[in-house]
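Report on one structure; see the data block that follows.
All values reported here derive from a predicted model rather than from experimental measurement. Only heavy atoms go into these numbers, but all of them, side chains included; no hydrogens, no water, no symmetry mates. Proteins come first, then strands; the chains are lettered A, B, ... in the order of their sequence lines, and each starts at number 1.
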Amino acid sequence: VLATVTLPEPRPAGAGRRRRAGPAGLLLFLPALIVVTLFFLVPLVLLLVRSFMTSGDYGQVSWTPTLASYAAVLKSAVYRRTALTSLEFGAATAVLCMLITYPVAYYIVFRMRRFQSLAMLLISVSLFSGYIVKIYSWRAMLGTQGLFNGTLLDLGLIHKPLPFLLFSKTAVFVTLTNLSLPFTLLIITGAMQNLSPALLENARDLGASTFRVFTRVIVPVTSRSAVYAFFYIYVIVAGDYVTPQLVGGTTAALIGVPISNQFVQLGNQPQGAAICFCMLVVFGLSYLVIRRFERFRGI
Amino acid sequence: MTSLRRRAAALLLPAFVLLVFAFLLAPIVFVVLSSFNAHNSMKLPLHGLSLRWYRQVLGDSSVRDAFVNSGKVALATAAIVAVVGTGAALSLSSRRTSRRLKPLAGLVVAPAAMPGIFVGSALIVLFTQFQVTLSLATVIVGHVVYALPYFYVVASARVSQFDTALEETAQDLGANAWARLRRVVLPIITPTLLAAAVIVGALSWDEFQITYFTIGQDSTLPMLIWSKARLTIDPSINALASLTMLTSLVAIGATYRVIERSLR
């Protein structure tokens, strides 16, 4: 009944002035627009253009348009395998991070009282302790004379260093998970903190067990943040070129390594650019798939 | 029996959480502990405490140069991002902003949705195209693009919570746009902006992925750790890594202390 009654829209106070805030607002936005255009959009367009240019033998490029770089990427079994490995690492790390993050975030937000702020502080410490510092530390811990091998040798538990610790896929996976966890933990605890406690109480009053509250209320309500966190980890892991080089050796070549080599060492920019755009297309398609989980309604 | 089992189950989750935090903090604790190791190894327990690695690192002129370079880049990045990002947040996130402008926010945060390698590749193409010599200035450009989204997200969250009534009152009292910004809006949101600027400084201080593409002859601390770690097993890297890490953590911690006190 109420819906049929139409009231005249009240004119919001200051509506007239609001319109005048426009041009001044745009002026404040101008510096950001310049920065993003000059140093992000234009470079990306140049990168796209470069991927269609012809590469010479000595790193020079000429304006003859060609699809040779894309053909080289799509034909090469090595690139295909490397790209696939990167996506696998990205997806596996993102899945593992979410599996670890949900119970931990649940515990921090709903079960911890005294130590909640300490837990958040420690997550931030981990986040801000430095990307390269953490990768280096895993390299030092896992190396043949590192923490684990050295200590195990001293204890007489092993007689030779375990070779699989460093320069293995496991080492890369462990390190990437360690780098990614603080991000997912911060995003998901943040999403859970926004959840109204009344919602959970209602679910409990209606007889839902802790497990059902978790799977039917908490997970669906935070699914939007979960999708962002998942995609973020998937992308940054698949694009990582430092971890495989420092802790992976030759075992886990991720696609970032050939890209960075093309730009920094070999100097075949069109080739590197073509790999970049192939990966961007894959990332875009992945996002369309992952986004479907945004309206996840629980198990 | 069942109560025992239930109690064991109740301990399962806290034990898991503890384990995850141990995993999270392991690399940090390891680096800091090893940096004080008197022995020339990476093993624990430590064979005596010593400051020899710190002495070695601090006596190294390449470390001091990298330290100064990282500091310059972090300060410049924080200053530029603070100005640019505050403007963007004020213009896009205020409740007075017209809805048609809101999609522009996606443009500002887009670089954060991309791995550093794409931003680095795109910038190196830009710099070769226009024959820009790589230097600390090109490093700063990369860091500004990389850190702006993070500043923008924090600043715009604060601006969107801003009580517009205050601004409208100032307007009714005859304050023009510039006066309202300078005398009303900025003083209230400055603590948040300061915190966000320090975070930007810390992000820049630790940044490697883009820097690797955009740096020329100079070095920053992450670049130095990378080049040393790749070539040698040298315990002095532990001291270098600890110094790098502690500098940004202390800077963040100190800022939060100051802001907390100013808000009290």
Interface moiety of B:S248 toward chain A, non-hydrogen atoms closer than 4.5 Å = side chain

Using a distance-only test with no angle check, is there a side-chain donor-acceptor pair under 3.5 angstrom linking B:Q209 and A:Y131?
-> yes

Contacting moiety of B:F23, where chain A heavy atoms sit under 4.5 Å | both

Find the one option among A:V242, A:L179, A:L48 whose heavy-atom pairs under 4.5 Å with chain B are most numerous.
-> A:V242

Interface residues of residues 230-238 of chain A facing chain B - non-hydrogen atoms under 4.5 Å apart | A:Y232, A:V235, A:I236

Contact part of B:V108 toward chain A, heavy-atom cut-off under 4.5 Å: side chain, backbone, both or neither?
-> both

When you check the side-chain N and O atoms of A:W138 and A:N178, is any donor under 3.5 Å from an acceptor?
-> yes

Is chain A contacted by the side chain of B:Y212, its backbone, both, or neither, given a heavy-atom distance below 4.5 Å?
-> both

Looking only at A:F277, A:Y241, A:Y106, A:F283, most heavy-atom pairs under 4.5 Å shared with chain B are made by A:Y241

Examine whether an atom of B:F151 lies under 4.5 Å from a heavy atom of chain A, and if so say whether it belongs to the side chain, the backbone or both; otherwise answer neither.
-> neither

With a 4.5 angstrom heavy-atom cut-off, which part of A:L185 approaches chain B: side chain, backbone, both or neither?
-> side chain

By a 4.5 Å heavy-atom criterion (distance strictly below it), what part of B:L25 contacts chain A: side chain, backbone, both, or neither?
-> side chain

Is it the side chain or the backbone of B:T128 that comes within 4.5 Å of chain A heavy atoms, both, or neither?
-> side chain

Where on B:I237 is there a heavy atom nearer than 4.5 Å to chain A: the side chain, the backbone, both, or neither?
-> both

Name the region of B:A229, side chain, backbone, both or neither, that has any atom closer than 4.5 Å to a heavy atom of chain A.
-> both

